[in-house]
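Chain naming here is simple, since letters A, B, ... match the order of the sequence lines and numbering starts at 1 in each.
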There are 2 protein chains.
Amino acid sequence: MNIVEGVLNHNRLALAKAITAVENEYDNAVEIMTALYPHTGNAYVIGITGPPGAGKSTLTDKLAKEFRKRGKTVGIIAVDPTSPFSGGAILGDRIRMLDLSSDEGIFVRSMATRGSLGGLSQKAGDAVKLMDAFGFDIIIIETVGVGQSEVDIVKTADTTMVVVIPGMGDDIQAIKAGILEIGDLFTINKADREGTDKLNIEIEMMLELNPEHVSWRPPINRTIASKGEGIEAVVDSIEDHQKYLTESGEIVKIRKARIKNEVTAMLNDKVNRYIDKNVVATDEFDALVEKLQARDIEPYSVVNDIVGKVLK
Amino acid sequence: MNIVEGVLNHNRLALAKAITAVENEYDNAVEIMTALYPHTGNAYVIGITGPPGAGKSTLTDKLAKEFRKRGKTVGIIAVDPTSPFSGGAILGDRIRMLDLSSDEGIFVRSMATRGSLGGLSQKAGDAVKLMDAFGFDIIIIETVGVGQSEVDIVKTADTTMVVVIPGMGDDIQAIKAGILEIGDLFTINKADREGTDKLNIEIEMMLELNPEHVSWRPPINRTIASKGEGIEAVVDSIEDHQKYLTESGEIVKIRKARIKNEVTAMLNDKVNRYIDKNVVATDEFDALVEKLQARDIEPYSVVNDIVGKVLK
């Protein structure tokens, strides 16, 4: 099967293979991406993030179903933290998403955080492009928003939604705070829990302090995703934001920034791999490390010397 | 005040200034690090990580006091997640650590995750070296182990301790699993909670599956850090691990790997900054991004072209 043609002809198996090629860096990955790039740029990309346990997967599931009701096809990329021990993504999430898989208008893919998250961020971006080229109207990319790198994955979406829940500890609050500034909309999930009003006020107050939200005021919705409550209002808010971005012309700026970020990440990645292969993996470098360990030399001039040799 | 001389003469203010210089990338930062590098390599470095809410700060505090009882001086670097909204590290942690500050044999420094964690990892490594040059016997570096980048910070320590607590949700368990493989020792904190035995068995089972732990079997200790219970046994385990590393010669390999990682990170960082300044920030690059946005060109050959121009 020709994967590129398959993706363009809405063949789901081809899409799955293309994402696998990108994820595992198969030899044909760049070729596939190069051929499909001209067919991208049509999907609307939604990033969903929030702390562990916020119910993001359930919410994503329900949002996808609501988009389907509104006539949109939906691709979902779930970026999961994994363990080298357990060797896989969070099983619960995968099972939850299975009940979507009978619908031809929905495609779900988990991507696991093997090794460097930096690399994953790029691969997730490529998966978005593949789903875009396939023709999905909406692409939802969902991550646990706990580390900076994971936040990087979603923050280049057209609309970024931050999911929070009431009643988490102080430590969690702090992490949550770290991702609050990237939210175009907020959803308080598990909103039947105690502390919902307090959390709502806290978010309102944080938004007050943020001077960036002048023309778009992030709405705060409440859901009980497990019961399907409040889902329509969230999709309404996403569509409002899409309308705002389109009418204000902001969408062009956002997408330009996304491309800029992506190409910069590709550049850094390629150069870093070059250094790994041609500098770090050499016997000469090993000898330098041993001299450093003996404190015969110091690393700052070593780095300057190498950079001088590597760069034009 | 000459900062370098100050640090070498155990002047705490000089140490604080040196870390600030590194953290904020002041002009004198490289000069300070270069001058002090020959005086590093004597401290024993302990990394402490674990999920949010595991009580790492309290545990670190108690461990530091126990090391003091055993005649060791202790430097602590607490890497905190921060919010651009709140603008600071987790206040609770800082307050908790304040009661250590009356002891001249202890030095506590918080470093906040402003922007890129990659950069922070390097800065935290530099702070370790500064405390090392100052002359602390033990340096504890503590982070919330939720993102890959944060794990990177602690995993190059001589001894890495993973702190877990019973009774967290599945989502948290998965993140915890992601950091389990880096533990030289495990501490179940809040061990008066229900689920402690179950968690202990789970960790044991995960360790069984890991073929790496042949010569060193990571011990699992139990603490109630808030009450000071179980602390001595943890310090005993740390000292056991230090003894094992020293006698087996593993310590030399670990420290060589740490230097190699550090220099590689410095190289990547320097080259990426070069690219940011000389490629990404140019009008030419901006024009390329606009062509990419119009899908007139594709990014893979653009990246190859630029890399060809940048590298020798």
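- At distances below 3.5 Å, at least one donor-acceptor pair connects side-chain atoms of Q293(B) with backbone N or O atoms of V252(A).
- Neither the backbone nor the side chain of D296(A) has a heavy atom closer than 4.5 Å to any heavy atom of chain B.
- Applying the side chain to side chain donor-acceptor pair (under 3.5 Å) test to every pair with at least one member in residues 277-288 of chain A, sequence neighbours left out, gives these pairs: D286(A)-K256(B).
- With sequence neighbours left out, K190(A) forms a side-chain hydrogen bond (donor to acceptor under 3.5 Å, both in side chains) with no residue at all.
- Between chain B and the options M266(A), E262(A), R255(A), the largest number of non-hydrogen pairs under 4.5 Å is found for M266(A).
- Residues of residues 32-41 of chain A that come within less than 4.5 angstrom of chain B, heavy atom to heavy atom, are M33(A), T34(A), Y37(A), P38(A), T40(A), G41(A) in numerical order.
- Using a 4.5 Å cut-off on side-chain heavy atoms (C-beta onward), E290(A) and I259(B) make no contact.
- Chain A forms more heavy-atom pairs under 4.5 Å with one residue of V289(B), V302(B), V307(B), N304(B) than with any other, namely V289(B).
- Only the side chain of D126(B) comes within contact range of chain A, judged by heavy atoms closer than 4.5 Å.
- In terms of heavy-atom pairs under 4.5 angstrom with chain A, the leader among V30(B), V271(B), L288(B) is V271(B).
- Counting heavy-atom neighbours within 6.0 Å of D27(A) CG, excluding the residue itself, gives a total of 12 or less.
- For the atom pair CD1 of I306(B) and CG of L267(A), the computed distance is 4.5 Å after rounding to the nearest 0.5 Å.
- Residues forming a salt bridge (charged side-chain N to carboxylate O under 4.0 Å, His left out) with E31(A) (at least two apart in sequence, or on another chain): none.
- Ranked by heavy-atom pairs shorter than 4.5 Å toward chain A, the options D276(B), I297(B), V279(B), V280(B) are led by V280(B).
- L311(A) is not listed as a side-chain neighbour of K312(B), based on a closest heavy-atom distance of 4.5 Å or more.
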